[in-house]
Student: 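There's a structure below that I have some questions on.
Keep in mind that this is a model prediction, so the values were computed, not measured. Along the sequence shown, residues are numbered consecutively beginning with 1.
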Amino acid sequence: MKITEIEIFDIHCPKRPAWSPVFVRIHTDEGIHGVGEAGLAYDLGHSAAAHMIQEFAQEMLIGFNPFQSEKLWHKMLRESFWGLGGGPVVYSAISAIDTALWDIKGKALNLPVYQLLGGKTNKKLRTYASQLQFDWDGFTRKTLFKPEDYAKATEKAVNEGYDAVKVDPMMFDDKGDTIYDCTLPFRRHHLNLIRQRLQAIRDVLGDNGDIIFECHSLPGLTSALQLGEIAEKFNCLYFEEPVNYLNSKLHEPLKQKLNVPIAAGERLYLRHGVREYIEKQTVDILQPDIGLCGGLTEAKKICDYADMYDVKIQAHVCGGPVATAASLHLETAITNFIIHEHHTYALKDFNRELCIEDPQPVNGFFEVSDKPGIGIELNDKIVNRSPKVVVK
Ligand code: MG
């Protein structure tokens, strides 16, 4: 089997301009194709990922046998020059291409990809409603700032069967303005507002539900400790991205001082990037993004490596439906899965219309598709409206 053509889609969503999933579709001489997604759908960088995929396609994909995915993975890492240094542009491109190769392999063998990764370890995947500060429904993204609105968003998730939610309770101030610089210690009134929002969520969820406390890597060490103490008091399932990854040492005092599990990993790449956090055991839950960490090839290795240190896995999923589909195969196969992330953007029609299949959980649980490959196809009617490049 040989790769004959590569299509790259840099999706523009007119209803949500800052939402730009990047898809690749790789065709072969046997009429089988596979799809993959780069993990830069939000904020900045998507067009760089699309161009990087195009360069890989032009330089090393045409004529290559997709079954040699391991060989191609190493070729992309070593022969791109920049792959040996790192960063989201090169690695998201490698990830998208790698995922598409696994899709091709599954389709050629008439097997779902989880079967190629070791089979079904987890039949049902417990799922949480992610990023409640933007509300929980199919409508345009909102900005919630009153505690009672956090209660209402939680109620919507609970009514759909979820018993776990994630929230960034500090992102908006009491007027709904976004706080980007959280490196200074928080003032008491803002800490009180965070507590009120979490209490509103806890009151709806009850004692048995789980809250994940999201920080988006924005706090400094002192403000992260302030927030971590609140996460402890509310018995959060975990405290996510309390600090940035630019200095890995920042995680060490957090781990020593806080009595709440710490999660991180969506901005780490390859086994090499997670190594220090796993070996020093400064994260309890690792959150690799299949569209960034090196695709399914590398994600499976990262999960197994983490398992050796009893680190649990929640794949980071904030992208188009292809990212969701690929993550479900990984999470179905691994032994250290903890919970699946379903983002509020995954509920929006501008995202759901991008693929023929529309993966959504039922009663707070996902089950992986049994279709061959990763079980998802682009919706040509929609994706062809966006800028597209074809390499032959
Ligand atoms: Mg996150």
Student: For the residue pair Ala263 and Tyr238, what are the closest heavy atoms and their distance?
Tutor: CB-CD1, 3.4 Å
Student: Using modelled atom types only, decide if a donor and an acceptor are shared between the side chain of Glu276 and the backbone of Ser248 within a distance under 3.5 Å.
Tutor: no
Student: Using side-chain heavy atoms (C-beta onward) and a distance below 4.5 Å, is Ile382 in contact with Phe9?
Tutor: no
Student: Less than 4.5 Å apart, side chain to side chain, heavy atoms only: is that true for Pro112 and His329?
Tutor: yes
Student: Could you state the interatomic distance from CD (Gln68) to NZ (Lys105), rounded to the nearest 0.5 Å?
Tutor: 10.0 Å
Student: Of the non-hydrogen atoms in Met60 and Ser80, which two are nearest, and what is the gap between them?
Tutor: CE-N, 4.5 Å
Student: Show the nearest heavy-atom pair for residues Ala100 and Gly36, with the distance to one decimal.
Tutor: CB-N, 3.7 Å
Student: Would Glu367 and Lys120 satisfy salt bridge (Lys or Arg N to Asp or Glu O under 4.0 Å), going step by step from the backbone distance to the final call?
Tutor: CA-CA 10 Å; Glu367 277 192 70; Lys120 198 172 271 189; 5.0 Å; no
Student: Would you say NZ of Lys124 has more than 12 non-hydrogen atoms from neighbouring residues, nucleotides or ligands within 6.0 angstrom?
Tutor: no
Student: Are His190 and Asp173 close enough that a side-chain donor and a side-chain acceptor fall under 3.5 Å?
Tutor: no
Student: Could you measure the distance from the CZ atom of Phe186 to the CD1 atom of Ile194? Nearest 0.5 Å is fine.
Tutor: 5.0 Å
Student: Taking Ile262's backbone N and O only, do any of them form a donor-acceptor pair with Asp284's side chain (distance below 3.5 Å, no angle check)?
Tutor: yes
Student: Under the criterion side-chain hydrogen bond (donor to acceptor under 3.5 Å, both in side chains), which of Glu241, Glu266, His343 is the partner of His316?
Tutor: Glu266
Student: At their closest point, which heavy atom of Pro372 faces which heavy atom of Gly106, and how far apart are they?
Tutor: CB-O, 3.9 Å
Student: Taking Asn336 for its side chain and Val311 for its backbone only, find out whether a donor-acceptor pair lies under 3.5 Å.
Tutor: yes
Student: Could you give me the CA-CA distance, side-chain angles and deciding distance for Gln131 and Gln133, then say whether side-chain hydrogen bond (donor to acceptor under 3.5 Å, both in side chains) is met?
Tutor: CA-CA 5 Å; Gln131 310 295 352; Gln133 71 279 7; 2.8 Å; yes
Student: Is there a side-chain contact between Pro361 and Tyr128 in this structure, where contact means two heavy atoms from C-beta onward sitting under 4.5 Å apart?
Tutor: no
Student: Using side-chain heavy atoms (C-beta onward) and a distance below 4.5 Å, is Val391 in contact with Ile53?
Tutor: no
Student: Got more than 12 heavy atoms from elsewhere within 6.0 Å of CZ, Phe139?
Tutor: no
Student: State yes or no: do Leu270 and Leu84 share one hydrophobic cluster built from I, L, V, M, F, W and Y residues joined by side-chain heavy-atom distances below 4.5 Å, directly or via other members?
Tutor: yes
Student: Measure from the side-chain N and O atoms of Lys255 to the backbone N and O of Pro261, and report whether any donor-acceptor pair falls under 3.5 Å.
Tutor: no
Student: Between Lys152 and Asp149, does any NZ, NE, NH1 or NH2 come within less than 4.0 Å of an OD or OE carboxylate oxygen?
Tutor: yes
Student: So, the side chain of Asn351 versus the backbone of Gly319: is there a donor-acceptor pair under 3.5 Å, distance only?
Tutor: yes
Student: Looking at Asn259, I want to see if its CG is surrounded by more than 12 non-hydrogen atoms of other residues, nucleotides or ligands under 6.0 Å.
Tutor: no
Student: Whether Arg352 and Asp358 form a salt bridge (side-chain N of Lys/Arg under 4.0 Å from carboxylate O of Asp/Glu) is what I want to check.
Tutor: yes
Student: If I take atom NE2 from residue His27 and atom CD1 from residue Ile62, how far apart are they, to the nearest 0.5 angstrom?
Tutor: 10.0 Å
Student: Would you give the length of the straight line joining atom CD1 of Ile278 to atom CD1 of Ile302, rounded to the nearest 0.5 angstrom?
Tutor: 7.5 Å
Student: Are a donor atom and an acceptor atom from the side chains of Gln199 and Tyr150 found within less than 3.5 Å of each other?
Tutor: no
Student: Is there a donor-acceptor contact under 3.5 Å from the side chain of Glu7 to the main chain of Lys388?
Tutor: no
Student: We want to know whether Ser130 and Glu341 form a side-chain donor-acceptor pair, criterion being a heavy-atom distance below 3.5 angstrom.
Tutor: yes
Student: Decide whether Glu279 and Gln281 meet the rule of one side-chain donor and one side-chain acceptor closer than 3.5 Å.
Tutor: no
Student: May I ask you to check whether Phe366 and His342 place their ring centres under 6.0 Å from each other?
Tutor: yes
Student: Which atoms form the tightest heavy-atom contact between Ala50 and Asp10, and what is the distance?
Tutor: CB-CB, 4.1 Å
Student: Has Leu44 got more than 12 heavy atoms of other residues, nucleotides or ligands less than 6.0 Å from its CG?
Tutor: no
Student: Give a yes or no on whether the backbone of Cys182 and the side-chain of Ser223 come within a donor-acceptor separation of less than 3.5 Å.
Tutor: yes
Student: Provide the closest heavy-atom pair for Pro219 versus Cys215 in the form atom of the first, atom of the second, distance.
Tutor: CD-O, 3.5 Å
Student: Does Thr297 offer a backbone N or O that forms a donor-acceptor pair with the side chain of Asp98 under 3.5 Å?
Tutor: yes
Student: Report the relative orientation of the aromatic rings in Tyr162 and Trp136; use parallel for angles under 30°, tilted for 30 to 60°, perpendicular for over 60°.
Tutor: perpendicular
Student: Grouping I, L, V, M, F, W and Y whenever their side-chain heavy atoms are under 4.5 Å apart, do Leu191 and Leu221 come out in a common cluster?
Tutor: yes
Student: Tell me, do Lys280 and Lys249 make a side-chain contact under 4.5 Å, heavy atoms counted?
Tutor: yes
Student: With no hydrogens and no angle check, is any side-chain donor or acceptor of Arg202 less than 3.5 Å from a backbone partner on Gly206?
Tutor: yes
Student: Can you find a heavy atom in the side chain of Leu117 that is under 4.5 Å from one in the side chain of Ile334?
Tutor: no
Student: Would one find more than 12 heavy atoms of other residues, nucleotides or ligands at under 6.0 Å from atom NZ of Lys71?
Tutor: no
Student: Are Leu227 and Leu193 grouped together when hydrophobic residues (ILVMFWY) are joined by side-chain heavy atoms under 4.5 angstrom apart?
Tutor: no
Student: Using the salt bridge (Lys or Arg N to Asp or Glu O under 4.0 Å) definition, which of the options Lys371, Arg25, Lys107 pairs with Glu377?
Tutor: Lys107
Student: Applying the side-chain hydrogen bond (donor to acceptor under 3.5 Å, both in side chains) test to Tyr114, which of Thr121, Thr332, Asp370, Asn122 qualifies?
Tutor: Asp370
Student: Using the side-chain contact (heavy atoms from CB on, under 4.5 Å) rule, take Phe234 and Phe213 through it: C-alpha gap first, then chi angles, then the decisive distance, then the call.
Tutor: CA-CA 10 Å; Phe234 281 89; Phe213 190 127; over 6 Å; no
Student: Measure the spacing between CD of Gln58 and CD1 of Ile6 and express it to the nearest 0.5 Å.
Tutor: 9.0 Å
Student: With a 4.5 Å cut-off on side-chain heavy atoms, are Glu37 and Phe23 touching?
Tutor: yes
Student: Going by heavy atoms in the side chains, are Leu225 and Leu258 under 4.5 Å from each other?
Tutor: yes
Student: Donor-acceptor pair, Thr28 side chain versus Ile26 backbone, under 3.5 Å?
Tutor: no
Student: Surrounding NZ of Lys146 (heavy atoms of other residues, nucleotides or ligands, distance under 6.0 Å), is the total greater than 12?
Tutor: no
Student: How many angstroms lie between atom CD1 of Ile32 and atom CG of Asp29, to the nearest 0.5 angstrom?
Tutor: 9.5 Å
Student: Between the side chains of Tyr91 and Glu298, is a donor N or O closer than 3.5 angstrom to an acceptor N or O?
Tutor: no
Student: For Glu59, look at atom CD and say whether over 12 heavy atoms of other residues, nucleotides or ligands are found less than 6.0 Å away.
Tutor: no
Student: Spell out, yes or no, whether Ile212 and Leu347 are grouped together once hydrophobic residues are joined by side-chain heavy atoms under 4.5 Å, including indirect joins.
Tutor: no
Student: In the single-linkage hydrophobic clustering (I, L, V, M, F, W, Y; side-chain heavy atoms under 4.5 Å), do Leu330 and Val317 co-cluster?
Tutor: no
